[in-house]
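Along the sequence shown, the residues carry numbers beginning at 1. Below, all heavy atoms of this structure are taken into account, side chains as well, without hydrogens, waters or symmetry copies. Bear in mind the structure is a predicted one, so any value in this text is a computation, not a measurement.
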Amino acid sequence: MTQQAVGKTPLVVWISLGLAWIFVVCIAIQTLFAGMALFHDGSMWRSHTLFVHFFEIVPVLMLIFGIAGKLPAPYKWKSLVLLLLVFSQYLTANLPGAGALHPVIAIGLFWLAVDTARGVLPSDRREQKG
């Protein structure tokens with residue numbers, strides 16, 4: 001990306017980019033807490049259950065900034081799906097018999113968060129074929 005392109009990029013795009021990458025990092029940290037709780041120290045479950053409250057709002061903010069900044073539809077749809085996946089994490093953590101889906105959804109959350117973050121800047125968007 002050139003200096004000129006950076007200067008012309010609206011602030012809301014940079015905020016959206018930051019939120020998207022913050023969400024990716026938070027999911028990685030959340031996964032680390034779960035791994036530490038499973039394989040090292042069971043008291044880390046408390047960190048795992050509390051940390052989500054720090055970043056659960058990020059997909060809502062992504063959606064709001066995506067709409068306000070008139071970002072492309074895929075960003076807004078992916079932000080909505082991320083929000084729904086966060087809700088589904090609460091369901092699988094608290095619904096008897098659904099716990100096995102919890103780590104599977106976490107993998108999907110991470111993948112979609114990275115894909116969303118990578119598509120924020122126009123220069124980073126891949127051409128859609130088909």
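In this structure, the side chains of Q30 and L109 stay at 4.5 Å or more apart for every pair of heavy atoms. You'll find the side chain of L112 reaches within 4.5 Å of the side chain of K78, heavy atoms only. A 4.5 Å side-chain heavy-atom check between Q89 and V52 finds every atom pair outside the cut-off. The side-chain heavy atoms of V86 and L82, taken from C-beta on, include no pair separated by under 4.5 Å. Side-chain atoms of V58 and C26, non-hydrogen and from C-beta on, never get closer than 4.5 Å to each other. Residues I105 and H102 have side chains not in contact (no heavy-atom distance under 4.5 Å, counting atoms from C-beta outward).
Among pairs with a residue in residues 19-41, those fulfilling ring-ring contact (aromatic ring centres under 6.0 Å, His included) read F23-F55, F33-F51, at least two apart in sequence or across chains.
Here the closest non-hydrogen pair linking I27 and A113 is CD1-CB, 4.0 Å. The two residues A100 and P103 have their closest heavy-atom pair at O-CD, 3.4 Å.
Distance check: W111 CH2 to L85 CG gives 10.5 Å after rounding to the nearest 0.5 Å. In this structure, the separation between CD1 on I67 and OG on S79 is 8.5 Å, given to the nearest 0.5 Å. To the nearest 0.5 angstrom, T49 atom OG1 is 10.5 Å from M44 atom CE. Atom CD1 of I57 is separated from atom CG of L83 by 8.5 Å, given to the nearest 0.5 angstrom. Separating the CG atom in L17 from the CD1 atom in I22 is a distance of 9.5 Å, to the nearest 0.5 Å.
Residue I29 is not grouped with residue L38 when hydrophobic side chains (ILVMFWY) are merged at heavy-atom distances under 4.5 angstrom, including chains of intermediate members. There is a path of hydrophobic side-chain contacts, each under 4.5 Å, that joins V81 to F87. There is no path of hydrophobic side-chain contacts, each under 4.5 Å, that joins L101 to L95. Hydrophobic cluster membership is shared by L11 and M62, with clusters built from Ile, Leu, Val, Met, Phe, Trp and Tyr side chains linked at under 4.5 angstrom. Using a 4.5 Å cut-off between side-chain heavy atoms of Ile, Leu, Val, Met, Phe, Trp and Tyr, with links allowed through other members, V24 and L32 fall into the same hydrophobic cluster.
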Distance-only check: which donor-acceptor pairs under 3.5 Å involve side-chain atoms of residues 70-77, not counting sequence neighbours?
residue	atom	partner	partner atom	Å
Y75	OH	S16	O	3.3
K76	NZ	L71	O	3.1

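For H48, the ring-ring contact (aromatic ring centres under 6.0 Å, His included) partners at least two apart in sequence or on another chain are W45.
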**Request:** Just do the side-chain contact (heavy atoms from CB on, under 4.5 Å) check on L19 and F65 with the steps written out, would you?
**Result:** CA-CA 9 Å; L19 287 169; F65 280 101; 3.7 Å; yes
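Other residues, nucleotides and ligands contribute over 12 non-hydrogen atoms within 6.0 Å of the OH atom of Y90.
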